Protein chains: 2
Amino acid sequence: MQKTILIIEDDTEINDMLRILLQQNGYQTVSAFSGTEGILVHSREISLILLDLMLPGRSGEDIIRDLKAKHNVPVIVTSAIHDVSKKVDLFALGADDYVTKPFHNEELLARIAARLRTDAAAQTGETLTYKDIVLNKSDFSAECCGKSIELSKHEFALLELLMKNPDRTCTKSLIYDTVWDCENSADDNTLNVHISKLRKKLKECNPDEEYIETVWGIGYRLKK
Amino acid sequence: MQKTILIIEDDTEINDMLRILLQQNGYQTVSAFSGTEGILVHSREISLILLDLMLPGRSGEDIIRDLKAKHNVPVIVTSAIHDVSKKVDLFALGADDYVTKPFHNEELLARIAARLRTDAAAQTGETLTYKDIVLNKSDFSAECCGKSIELSKHEFALLELLMKNPDRTCTKSLIYDTVWDCENSADDNTLNVHISKLRKKLKECNPDEEYIETVWGIGYRLKK
DNA sequence: TCAAGTCTTAAAAAAGTCTTAACCGGGATT
DNA sequence: AATCCCGGTTAAGACTTTTTTAAGACTTGA
C-alpha cells in the first residue's frame, strides 16, 4: 500500500524538491505551505509528516503539540537550527526525529523509511522478485502471476537461492551446501527431483514461461 | 515501570559514561562490551539498545540484523562515522536512529525518550484485533465473536505474538524464544500442543472460522 | 551415429512433521 | 487432604515432505 506523506514547508522550492524526491521514491505526497494549512489536513490518511520549523503563521512547536495531541502520526522535523536545546524541546513535544538542514536526500529517505517501517516486509527488502515471481521471506510465501503458490521448505530455499543469484549459475554443490547444508554424494538425484517439482508448480501457475534453466553438468540458473 | 537499556560499546570509558548518564535519568542499564556478548543478552526485558558500531568480534551490522530478525527491540546506533551511505545502510538493516559521535547527552536522551515513547504508544495500543478476535493486553482477557474466552498465560502470549505479526510467519524458534523465553529442544512437542489447544478454544467460539495456519517445517501464521 | 553420461519425471518408499487425546505432576485453591 | 488448573509429556495416527528408484529422454563428444 502506498503511504502518504504530508510536507509542511513554506519555502516553495524546498517543498517542491521534497515532493519530487518522495514521489520518485514511491510515496504519495500532500503539500502544505503554512502552519494553519498544515493543521487542517486530516491526518487520518497521512502516514507521516515532514515538518519545517520556520513557518509563517504558527510556530512549528505549536503545530507539533496540536498534531500529537490529536493523532499519533509520526513527525519528522526539518530545520536549519543546530541548537541542541531546541532539538531537545521538540523531542519533548513529541517529534519523532529531527534532521538538520541541509540534509542528504538519502539520509532523509532512510529516516522516513525507518519511521514507517511497520510493514517490514515491504520496506526492508524482505521480498525477492524475478519476472512475475515474488518471494516473501517474512512469511515464507510465494506468488507467481498474482496467484500464491505453496512451496515446501526446500523448494522455497531452492528458489530463494536462485533468485538471490539471478545472474549466475548455482552449482549443484553450492545448492546442496546452501539448501541441504552439506556436501552431497555424487550420484544423488535429490536436487533434480526438487527442481522438477519446483518447475511443475511454477508451470501450473504460468504455463507460458520457463524460469529455471539447466546448465549441463554444472547446475541451474534463472533464465534471462 | 522502569525501562532497561542495553549499552553495547567496547570503549570502557564511554560505556561507563553512558551507564551513569542513563541511570541518572531513571533508566536501568545493562552493559555489554562486545558484539558476541551483546547478542547473548535476552532482549525480552530490554526496552532499547544503544549500539556502538565499532566492535571487536562482530560488526554492528551483523548484530543489528540478528537483533531485528528475532525481536522488535528499538536500536539506536552511535558511531563516529558521518558517512551518509553508511547511515543509509544501517537504517535499511533496521536501525531506528543514528547518532554521530561526539553527541550531546541531552540530544541522545531526547532521542531515546522519543523512541521509547513511540514504542510505548504502540504497546499501549492495549487491544489487538484480528478478524473477530479481540485481545486485551491490560487485563489479559480475550474475546471472540463477542463471547469472552479463557486463555492461559501461554495461550495468551502465543496468540498475542501471532496477532502482533499478522503478516509474517512466526517460526517455531521465534515462538519458543518469545513465549517460553528459551530455545527449545529439537523434538519438543509443547508448541504443537498449545497451538492445538488454542485452536480448539477458538473453534468452540466460532466453528466456521480458521484462524491459525500451519507453515510446514517453519512455524505458524494467521490466516489472511 | 553411438555410447556414456546426464537430466527429467512419475511413483513408491521412507522419513519427518503435525494434530489430538490422554496422562502426569506440581502448585494453587478449596 | 481433595480438587482444579496449567503446563508438559507421551503416543498413535494422519498427513506432508523428502528421498530413492527406475524408466526414458536428452546432450555431449568421439
Side-chain angles (χ1 to χ4, degrees), chain A residues 140-142 148-162 169-204 207 209-223, chain B residues 140-142 148-162 169-204 207 209-223:
Chain A
F140 295 91
S141 69
S148 88
I149 39 180
E150 295 292 322
L151 297 180
S152 76
K153 198 168 79 178
H154 281 179
E155 287 161 3
F156 188 92
L158 188 48
L159 187 53
E160 182 185 358
L161 178 63
L162 290 170
T169 296
C170 297
T171 63
K172 291 180 153 220
S173 85
L174 171 71
I175 296 176
Y176 277 118
D177 230 29
T178 314
V179 177
W180 278 268
D181 222 354
C182 64
E183 285 297 329
N184 199 274
S185 54
D187 64 337
D188 191 343
N189 195 28
T190 305
L191 171 54
N192 295 331
V193 174
H194 280 271
I195 288 280
S196 169
K197 287 183 174 170
L198 194 47
R199 281 175 171 152
K200 191 177 175 186
K201 288 189 180 179
L202 293 174
K203 193 161 223 162
E204 271 171 18
E209 185 77 73
E210 291 265 308
Y211 300 100
I212 299 169
E213 205 169 26
T214 305
V215 184
W216 256 74
I218 311 285
Y220 297 91
R221 79 173 151 226
L222 294 181
K223 215 162 200 169
Chain B
F140 289 90
S141 68
S148 88
I149 38 179
E150 294 293 320
L151 296 180
S152 74
K153 193 175 85 184
H154 281 181
E155 287 161 2
F156 188 91
L158 190 47
L159 187 54
E160 181 185 359
L161 178 62
L162 289 170
T169 294
C170 297
T171 63
K172 293 181 149 220
S173 84
L174 172 72
I175 297 176
Y176 276 116
D177 226 31
T178 314
V179 177
W180 278 269
D181 220 353
C182 64
E183 288 295 331
N184 67 309
S185 53
D187 63 339
D188 194 343
N189 196 27
T190 306
L191 171 54
N192 295 332
V193 174
H194 280 269
I195 287 280
S196 171
K197 288 180 177 171
L198 192 47
R199 280 177 171 151
K200 192 176 175 186
K201 287 188 180 179
L202 293 175
K203 192 161 223 165
E204 272 171 18
E209 184 77 77
E210 291 265 307
Y211 300 100
I212 299 170
E213 204 169 26
T214 305
V215 184
W216 256 77
I218 311 281
Y220 295 91
R221 80 175 149 223
L222 294 181
K223 216 162 200 169

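Since the model is a prediction, treat every value here as computed from it, not as a measurement. Letters A, B, ... mirror the listed sequences (proteins, then strands); counts begin at 1. Side chains included, hydrogens not; waters and symmetry mates left out as well; all remaining heavy atoms used.
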Whether the side chain of B/Asn192 and the base of D/dT9 hold a donor-acceptor pair under 3.5 Å is what I'd like checked. no
Think B/Trp216 has a side-chain N or O under 4.0 angstrom from the OP1 or OP2 of C/dG16? no
I want to check one thing: is the phosphate of D/dT20, taken as OP1 and OP2, less than 4.0 Å away from some side-chain N or O of A/Thr190? yes
The side chain of B/His154 lies closest to which of these nucleotides: C/dT9, D/dG8, D/dA11? D/dG8
Looking only at side-chain N and O atoms, does B/Ser196 come under 4.0 Å of OP1 or OP2 in C/dT20? yes
What is the separation between atom CZ on A/Arg199 and atom P on D/dC26, rounded to the nearest whole Å? 14 Å
Within the structure, does a side-chain N or O atom of B/Tyr176 lie under 4.0 Å from either OP1 or OP2 of D/dG8? no
Taking every non-hydrogen atom, the tightest pair across B/Glu155 and B/Leu198: O-CD2, 4.0 Å
For C/dT8, take OP1 and OP2 only and decide whether either is under 4.0 Å from a side-chain N or O of A/Thr214. yes
Round to a whole Å and report the spacing from CD1 of B/Ile195 to C1' of D/dG8. 16 Å
Considering just the side-chain nitrogens and oxygens of A/Trp180, establish if one lies under 4.0 Å of OP1 or OP2 belonging to D/dT18. no
Check whether the side chain of A/Lys153 and the base of C/dG16 form a donor-acceptor pair under 3.5 Å. no
So, do A/Leu159 and A/Tyr211 sit near enough that their side-chain heavy atoms are less than 4.5 Å apart? no
Does the side chain of B/Lys172 get closer than 4.0 angstrom to OP1 or OP2 of C/dC18 through an N or O atom? yes
